[in-house]
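Everything numeric in this text was worked out from a predicted model, so none of it was measured. Read the numbers this way: they start at 1 and go in the same order the structure lists the ligands and their atoms.
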Amino acid sequence: MQTSVIGFPRVGALRELKFASEKYFRKEITTEELKDTAKSLRSTHWLKQKEAGIDYISSNDFSYYDIMLDTAVIFGIVPKRYKKLGLSELDTYFAMARGYQGAMGDVKALAMKKWFNTNYHYIVPEIGDETEIKLTGTKPFDEYTEAKEAGFDTKPVIIGPFTFLKLARFTGEKKISDLKDAVLKAYCEMLDKFNRLKAEWIQIEEPYLVCDLTSEDIALFTGLYKELLTSKGNLKILLQTYFGDIRDCYEEITRLDFDGIGLDLIEGKENLSLIAKHGFPKGKILFAGVVNGKNIWKNNYGESLEMIGRLKQAADEVIISTSCSLLLSPFTTDGETGISDEILRHFAFAVEKLNELKELAVLGDALDYQGESLFKANTDEFEGKRAFEDKAVQDAVSRLNESDFTRRPVRAERASIQKEALKLPILPTTTIGSFPQTAGVKRNRSEFKKGIIDEETYNKNIFSYIEDCINKQQELDLDVLVHGEFERNDMVEFFGECLEGFVFTQNAWVQSYGTRCVKPPIIFGDVSRKGPMTVKYIKYAQSLTEKPVKGMLTGPVTILNWSFPREDISRREIAMQIALALKDEVLELEAEGIKVIQIDEAALREKLPLRKADRYSDYLDWAIPAFRLCHSSVKPETQIHTHMCYSEFGDIIKDIDNMDADVISFEASRSSMAILDDLQKAGFETQAGPGVYDIHSPRVPGTEEIKELIKKIIQKIDPKQVWVNPDCGLKTRGWEETYESLSHLTEAAKEMRGVL
Ligand code: GLN
Ligand code: ZN
């Protein structure tokens, strides 16, 4: 059996590309130096795969920033405002990715969006009426040739025309149907060029096929490929899908002239039954994604080989593949010295997954794989229970019933009780939680971690930051204050460290976008609360002021979504365990006199299943209850807030309302308040604070501008339901711009109160 890798992480084992790019942005290294780093990473990564014995290695999976952006540039889709800057090719590319502000002009970056159901973000290509689409870039050919010259036979990869068109943004009158032909022509030229380069295979990626498709979508897809495949010449074409199954178009796909079809057998729940039901086309190769490309756990060979056995009966040839690009997995477990072998032996990151592919291929060829020592070694890992079991937590979860998820009295009744208790003005003002993480704040934390300062000094410093933050908020005359989150590195890592059941790596970084990487904690055992997590900080903050200070917690769904979850129990079970731990913290905060508590669910929207049919059963049916569990037992007068980073929840508004929070804040200013109509239509009951200050930019919004936004809001939502706040936390901002922006925010709210 042979093996294939869809794509490999590109940032490097030690995030070399990130650091080199950042140096380049600061003009500390030259273009050539950056390109050299990139080149050496590419060859290191090809070599790793070759050494592991991978048969189908990808090229053009590398990117300086993002593959969608690369694809746009290859086809000449560069909006005029970037070309006009007159920068070098590479700098124009970075201007599209990150914006440009300097001697040559001032332009914002292209929009960035979440890549399907992952925490990776892609740059949204922008196609206007004047855009001329044609093959102008050479990156895929250059990288293919570079690999070949270095002794690596690769299959070049490219995002397919269907996904590309579906994800692009059309800024003018023209629609997909108007651009289809030009796009097709450019892709045909690309195939032609690869033919001339004598490439054997090309991997065309169409992840959009795993979303719900309309009949027009399917017609578009088949139309594109009927045409495209006529120009394949001697090339073999692998249609690669991932992140789900292709239930809407399986038969159409099997009828097209592809040479290989790549299916995700991990997340693609129905792919196996589609094959069983319709068969797999004769003479074609099935690239079977059985090694999970986006988790960190070892592959269970028993399960995989059984699957492979079934696939081999259906298809003439099966090649063992990752389920998606390994981009979404950390680099290697090598060097994770802080984790005991007992735990580490369960992990497989990108490099280790290569080895798994190879071992599966060897076992797949064996007459009796169950007798092989490779197989036995693997099954041993899955035998017996894991560490960190907590019977008490398991029992508590199994005892949960309806009343644990129901807060009394109903929201409207609570609202009037809270109004009495909190004595807030109309259009109350607040912030989302964090305040600037200054160099001093970061130094305090790193010196404590390194043991340079002791815990007492560390906390004393935190308390002084809190005091300063409370004073500033009082001066600004905000209504509901926060402590500022100076004890947190990250909103999930902090809680992970306070809770039982989490494991932390040194280097398990995963690219989130561009040069930004995240290092999600790993949930390894049953989760429970060791003791108070935030109480001393919030209590101290509250002791400094008469105004209410919000307790500030990260919600169960967000902690789960931004961690690597264990896979031996369900996500529901994990979410409930976390929720129970948070519930104790909520109740302790309340007992200590905290009257307002915010439970952030920044990442709730992000893991919503791609297909509508899976939304409830797979997710919302436990995610919303998990949130409710955290706050269902508080007193009626305690006000529960939540926060979400996106306002793209138009289609799950009822579910958001069902979280039964008293107040929600969310991003809205950048999306020009598009959500307001949806809220109005849905009769949204939760009090709402659509962000009126975009914290993602250092720009200071003026008072008038904020007033205009508030006016827009109160046209659509009853002013009694409206809060005034920024989009998100302020940790990435500087104090100066933050103070000025917030002073405009409170001023605008006061003037609007006067009007009301
Ligand atoms: N409370 C967090 C903060 O203010 C929320 C962050 C987020 O939504 N990403 O930083
Ligand atoms: Zn946010």
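When each of Tyr120, Tyr513, Tyr122 is tested with Asp66 by the rule side-chain hydrogen bond (donor to acceptor under 3.5 Å, both in side chains), just one qualifies, namely Tyr120. Among Ile462, Leu544, Ile466, the one residue that satisfies the side chain to side chain contact (heavy atoms under 4.5 Å, CB included) test with His483 is Ile466.
Seen from the ring of Tyr458, Arg445 does not count as a face-on cation partner, given the 6.0 Å and 45° thresholds. Taking the centre and axis of the six-membered ring of Phe494, the NZ or CZ atom of Arg488 falls inside the cone set by 45° and 6.0 Å.
Applying the side-chain contact (heavy atoms from CB on, under 4.5 Å) test to Glu747 and every residue at least two apart in sequence or in another chain returns Thr703, Glu751. Partners of Asn561 under the side-chain hydrogen bond (donor to acceptor under 3.5 Å, both in side chains) rule, at least two apart in sequence or in another chain, are Tyr619. Applying the salt bridge (Lys or Arg N to Asp or Glu O under 4.0 Å) test to Glu736 and every residue at least two apart in sequence or in another chain returns nothing.
Less than 4.0 angstrom separates some heavy atom of Gly729 from each of these atoms of ligand 1: 3 (C), 4 (O), 10 (O). Per-residue contacts place Asp600 under 4.0 angstrom from the following atoms of ligand 1 (heavy atoms of the residue considered): 1 (N), 2 (C), 5 (C). Using a 4.0 Å cut-off to heavy atoms of Met552, the atoms of ligand 1 that qualify are 1 (N). Per-residue contacts place Gly433 under 4.0 angstrom from the following atoms of ligand 1 (heavy atoms of the residue considered): 4 (O). Within ligand 1, the atoms closer than 4.0 Å to a non-hydrogen atom of His643 are 8 (O), numbered from 1 in the order shown. Every atom of ligand 1 is numbered from 1 in the order shown, and the set under 4.0 Å from a heavy atom of Cys728 is 7 (C), 8 (O), 9 (N). When each atom of ligand 1 is checked for a heavy atom of Cys645 under 4.0 Å away, the hits are 7 (C), 8 (O), 9 (N).
Between the side chains of Glu475 and Tyr739, at least one donor N or O lies within less than 3.5 Å of an accepting N or O.
The distance cut-off of 2.8 Å around the Zn ion (ligand 2) captures these protein N, O or S atoms, sorted by chain and number: His643 NE2, Cys645 SG, Cys728 SG.
The protein non-hydrogen atom at the shortest distance from atom 3 (C) of ligand 1 is Ser434 OG, 3.3 Å. Looking only at protein heavy atoms, the nearest one to atom 6 (C) of ligand 1 is Met491 SD, 3.4 Å.
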| task | Please report the C-alpha distance between Phe349 and Phe331 in whole Å, then the side-chain angles of each, then the deciding distance to 0.1 Å, and finally whether the ring pair (Phe, Tyr, Trp, His ring centres under 6.0 Å) criterion is met. | result | CA-CA 6 Å; Phe349 298 173; Phe331 200 90; 9.8 Å; no
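Salt bridge status for Arg407 with Asp662: present, with a side-chain N to carboxylate O gap under 4.0 Å. At a threshold of 4.0 Å, the pair Asp600-Lys550 does not count as salt-bridged, since none of the basic side-chain nitrogens sits closer than that to a carboxylate oxygen.
Geometrically, ligand 1 and Gln598 share no nitrogen or oxygen pair separated by less than 3.5 Å.
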